[in-house]
Amino acid sequence: MVKYNKNSIFKKNFLWGSSTSSHQVEGRTFNQWSVWELENAHRLAHKPYSYLKTLSNWDEIKDKVHNPANYVSGEGVDHYNRYKEDFKLLKELNLNTFRFGIEWSRIEPAKGVWNQEEINHYHEYIDELIKKGINPILNLWHWTMPVWFTDEGGFAKSKNLRYFKQYVKKITQEYGSKLDYIITINEPNVYASYSYLTGTWPPQEKNVIKFVKVFYNLARAHRQAYKVIKSINPKIKVGVANQVANIQAKRPHNLFDELSTKWMRYFWNWWFYIRIRNYQDFLGMNYYFTDYYTGRIEKKNPELPLSDNGWYMEPEGLYPIILRAWTRFKKPIIITENGLADMNDEHRQWWLDESILAMERAISEGVELEGYLHWSLLDNFEWDSGWWPKFGLVEVDREDNMKRIIRPSAKWFASRIKELDLK
Ligand code: BGC
């Protein structure tokens with residue numbers, strides 16, 4: 001019997017948390033992304049950015065957008081050294097869960113060579129979370145890889161899957177006894193598309209065959225990881241964090257729009273989950289987008305409201321996507337990411353409020369929802385957009401000794417969680 005507390009429809013042990021990834025916050029990483037950033041910072045700073053220029057906040061962001069330093073992760077937000085301070089923030093925000101990344105390139109800097117100091121670092125890191133009563137959700141792979149691995153072809157080569165498997169084994173042997181949850185792979189659909197189809201991210205390839213191969217290989221990598229983790233500790237709940245969108249037809253009942261909607265839902269939202277169907281204990285869902293599709297598989301979203309980076313915002317779209325995922329897979333669901341770029345904190349409270357309502361509606365329909373992890377705890381390095389988009393519940397001033405300042409919306413979120421009497 002699921003226990004609900006009297007004031008709220010959320011389960012007593014609902015996971016209220018936030019998410020991060022190693023490369024985006026730690027600082028001083030050395031992986032294929034950090035190498036690529038240094039090679040591409042100048043080019044990225046000089047792109048025309050005609051779309052961003054149409055946004056109302058262009059004046060506020062333009063200097064950063066055109067500054068090559070924006071595109072280098074560098075010191076990050078020094079989370080590697082300041083994690084204890086950051087975990088105190090989690091407590092202040094009444095959060096009980098934290099999804100964090102392990103940086104593979106630190107643990108295995110050369111093929112088959114394990115760095116004991118770094119292994120110890122993550123032991124201390126996880127121990128600190130547990131000491132504070134925060135549930136650690138370990139994420140194994142969030143797009144960054146040791147350079148030796150990408151030099152051998154990365155996930156585009158099936159023979160390289162054995163290296164990932166070794167890494168998974170090592171991590172589970174080390175930390176498995178301390179964990180209830182492991183997420184293997186973050187957003188395989190986004191990674192495969194941007195790195196091998198549109199050619200935007202490293203290794204910047206535009207190759208449909210490789211794209212398909214990478215997508216399949218990531219599914220295989222997950223299945224292998226699942227088996228390895230379960231053989232070491234069958235109690236750990238294992239899943240992926242896939243990006244899902246609330247995909248809708250632009251013109252309802254228009255045959256072509258409905259067909260492209262069906263195709264996009266299948267390809268973007270479900271394909272990966274289907275490939276790993278019998279190898280996941282929960283569905284990890286990263287939700288950012290509601291997208292309206294025309295018959296030409298083109299997005300035609302309403303013009304407003306937009307977040308700082310011009311993404312159309314429809315937070316309530318979380319409800320239909322949760323419901324559809326539940327109907328299809330009947331597995332517990334965790335919202336593993338959800339959030340927005342909002343430097344002036346104008347929309348975040350509304351977004352959080354709508355997201356909570358959407359989850360309440362889903363739970364009331366019988367969905368087993370286990371948790372909600374907001375993206376992100378801290379302002380972080382937003383890949384090829386760099387530092388200017390601000391996703392943090394907590395602002396980080398990189399020009400003032402990495403000072404952390406809790407945003408008003410985050411304070412509101414903390415009190416809302418408390419009101420729901422979940423602590
Ligand atoms: C990614 C994060 C990223 C976030 C916001 C997600 O797709 O998993 O790494 O920071 O979107 O852009």
Undergrad: Between the side chains of Lys237 and Asp180, is the shortest nitrogen-to-carboxylate-oxygen separation below 4.0 Å, so that they form an ion pair?
TA: no
Undergrad: Just checking, is any N or O donor in the side chain of Glu382 or Asn309 under 3.5 Å from an acceptor N or O on the other one?
TA: no
Undergrad: Aromatic contact between Phe215 and Tyr196, with the criterion being ring centroids under 6.0 Å apart: yes or no?
TA: no
Undergrad: With no hydrogens and no angle check, just 3.5 Å: does a side-chain donor-acceptor pair link Ser19 and Glu337?
TA: no
Undergrad: Would the Tyr167 and Phe149 ring centres measure less than 6.0 Å apart?
TA: no
Undergrad: Give me the atom names and distance for the closest heavy-atom approach of Gly176 to Asn233.
TA: O-ND2, 3.2 Å
Undergrad: Verify the ring-centre separation between Tyr194 and Trp383: is it less than 6.0 angstrom?
TA: no
Undergrad: With no hydrogens and no angle check, do the side chains of Asn135 and Thr97 hold a donor and an acceptor under 3.5 Å apart?
TA: no
Undergrad: Any side-chain donor paired with an acceptor under 3.5 Å for Thr144 and Glu103?
TA: yes
Undergrad: If the threshold is 4.0 Å, N to carboxylate O, is there a salt bridge linking Arg404 and Asp86?
TA: yes
Undergrad: Quick check on the 6.0 Å ring-centre criterion: do His23 and Trp141 meet it?
TA: no
Undergrad: Evaluate the criterion side-chain contact (heavy atoms from CB on, under 4.5 Å) for residue pair Trp16 and Phe14; output intermediate values, then yes/no.
TA: CA-CA 6 Å; Trp16 289 102; Phe14 191 80; 3.3 Å; yes
Undergrad: Would you call Lys53-Asp59 a salt bridge at under 4.0 Å N-O?
TA: no
Undergrad: Are there over 12 heavy-atom neighbours, none belonging to Lys170, within less than 6.0 Å of that residue's NZ?
TA: yes
Undergrad: Just checking Tyr312 against Phe289, ring centres under 6.0 Å apart?
TA: no
Undergrad: Does NZ or CZ of Arg277 lie under 6.0 Å from the centre of the six-membered ring of Phe272, at an angle within 45° of the ring axis?
TA: no
Undergrad: Salt-bridged, Glu26 to Arg106, with N to O below 4.0 Å?
TA: yes
Undergrad: Could you walk me through whether Tyr51 and Trp58 pass the ring-ring contact (aromatic ring centres under 6.0 Å, His included) check?
TA: CA-CA 10 Å; Tyr51 177 62; Trp58 173 245; over 10 Å; no
Undergrad: If we ignore angles and hydrogens, is there a donor and acceptor under 3.5 Å between the side chains of Asn120 and Gln116?
TA: yes
Undergrad: Establish, yes or no, whether a centroid distance under 6.0 Å links the rings of His347 and Trp311.
TA: no
Undergrad: Out of curiosity, Ile232 CD1 to Gln173 CD, how far, rounded to the nearest 0.5 Å?
TA: 4.5 Å
Undergrad: Can any side-chain N or O of Tyr279 pair as donor or acceptor with the backbone N or O of Ala219 at less than 3.5 Å?
TA: no
Undergrad: Side chains of His121 and Tyr83, heavy atoms from C-beta outward: is any pair under 4.5 Å?
TA: yes
Undergrad: Do the two ring centres, one from Phe164 and one from Trp104, sit under 6.0 Å apart?
TA: yes
Undergrad: Taking Asn401 for the side chain and Lys403 for the main chain, is one N or O donor matched with an acceptor at less than 3.5 Å?
TA: no
Undergrad: Ion pair present between Arg28 and Glu75, side-chain N to carboxylate O less than 4.0 angstrom?
TA: yes
Undergrad: Treating Asp353 as the side-chain partner and Gln349 as the backbone partner, does any N or O pair qualify as donor plus acceptor under 3.5 Å?
TA: no
Undergrad: What's the separation between atom CZ in Arg416 and atom CG in Leu352, rounded to the nearest 0.5 Å?
TA: 11.0 Å
Undergrad: Keeping Asn189 on the side-chain end and Trp268 on the backbone end, is there a donor-acceptor pair under 3.5 Å?
TA: yes
Undergrad: With no hydrogens and no angle check, is any side-chain donor or acceptor of Tyr273 less than 3.5 Å from a backbone partner on Gly284?
TA: yes
Undergrad: Any salt bridge linking Asp78 with Arg82? Criterion: basic side-chain nitrogen under 4.0 Å from a carboxylate oxygen.
TA: yes
Undergrad: Can you tell me how far the CE atom of Met285 sits from the CD1 atom of Ile335, to the nearest 0.5 Å?
TA: 4.5 Å
Undergrad: Answer whether the closest heavy-atom distance between the side chains of Asn269 and Ile321 falls below 4.5 Å.
TA: yes
Undergrad: Regarding Tyr80 and Glu118, is there a side-chain donor-to-acceptor distance under 3.5 Å anywhere?
TA: yes
Undergrad: Would Asp342 and Lys390 count as a salt bridge (Lys or Arg N to Asp or Glu O under 4.0 Å) here? Give the steps.
TA: CA-CA 6 Å; Asp342 185 17; Lys390 305 293 184 196; over 6 Å; no
Undergrad: Kindly say whether the aromatic ring centers of Trp263 and Phe267 come within a distance under 6.0 Å.
TA: yes
Undergrad: Is it true that Glu85 and Lys88 have a side-chain N and a carboxylate O under 4.0 angstrom from each other?
TA: no
Undergrad: Which atom pair, heavy atoms only, marks the closest approach of Arg324 to Asn246?
TA: NH2-OD1, 3.5 Å
Undergrad: Are any non-hydrogen side-chain atoms of Trp388 and Met343 less than 4.5 angstrom apart?
TA: yes
Undergrad: Is it the case that Glu258 and His253 place a side-chain donor and acceptor less than 3.5 Å from each other?
TA: no
Undergrad: Quick one: does any side-chain atom of Tyr49 pair with a main-chain N or O of Leu44 as donor and acceptor, under 3.5 Å?
TA: yes
Undergrad: For the rings on Tyr125 and His79, is their centre-to-centre separation under 6.0 Å?
TA: yes
Undergrad: Are Glu298 and Tyr292 close enough that a side-chain donor and a side-chain acceptor fall under 3.5 Å?
TA: no
Undergrad: Do Leu93 and Leu393 come close enough that some side-chain heavy atom pair is under 4.5 Å?
TA: yes
Undergrad: Report yes or no: does Asn57 contribute a side-chain atom to a donor-acceptor pair with the main-chain N or O of Asp308 at less than 3.5 Å?
TA: yes
Undergrad: Is it true that Trp201 and Trp143 have ring centroids separated by less than 6.0 Å?
TA: yes
Undergrad: Under 3.5 Å, is there a donor-acceptor pair linking the side chains of Tyr372 and Asn338?
TA: yes
Undergrad: Salt-bridge test for Arg265 and Asp291: reply yes if a basic N is under 4.0 Å from a carboxylate O, no otherwise.
TA: no
Undergrad: Less than 4.5 Å apart, any side-chain heavy atom of Val238 and any of Thr184?
TA: yes
Undergrad: If we only count heavy atoms from C-beta on, is the Gln24 to His142 side-chain gap below 4.5 Å?
TA: yes
Undergrad: Give a yes or no answer on whether the side chain of Tyr175 reaches the backbone of Ile119 with a donor-acceptor pair at less than 3.5 Å.
TA: yes
Undergrad: Please examine the side chains of Asp257 and Leu259, heavy atoms only from C-beta on, and report whether any two atoms are closer than 4.5 Å.
TA: no
Undergrad: Any side-chain heavy-atom pair from Phe413 and Ile356 closer than 4.5 angstrom?
TA: yes
Undergrad: Dump the intermediate steps for side-chain contact (heavy atoms from CB on, under 4.5 Å) on Ile107 and Ile171, then the final yes or no.
TA: CA-CA 9 Å; Ile107 300 274; Ile171 295 295; 4.3 Å; yes
Undergrad: Checking side-chain polar atoms at under 3.5 Å, does His374 have a donor or acceptor matched by the opposite partner on Ser18?
TA: no
Undergrad: Can you check whether Thr336's main-chain N or O pairs, donor with acceptor, with Arg99's side chain at less than 3.5 Å?
TA: yes
Undergrad: Might you work through the salt bridge (Lys or Arg N to Asp or Glu O under 4.0 Å) test for Lys132 and Glu128, ending with a clear yes or no?
TA: CA-CA 6 Å; Lys132 291 213 149 35; Glu128 182 68 19; 2.9 Å; yes
Undergrad: Do you know the tightest heavy-atom contact between Asn380 and Trp387?
TA: C-CZ3, 3.4 Å
Undergrad: Hey, does the side chain of Thr29 reach the backbone of Asn31 with a donor-acceptor pair shorter than 3.5 angstrom?
TA: no
Undergrad: Under a 3.5 Å cutoff, is there a donor and acceptor pairing between the side chains of Glu187 and Asn242?
TA: no
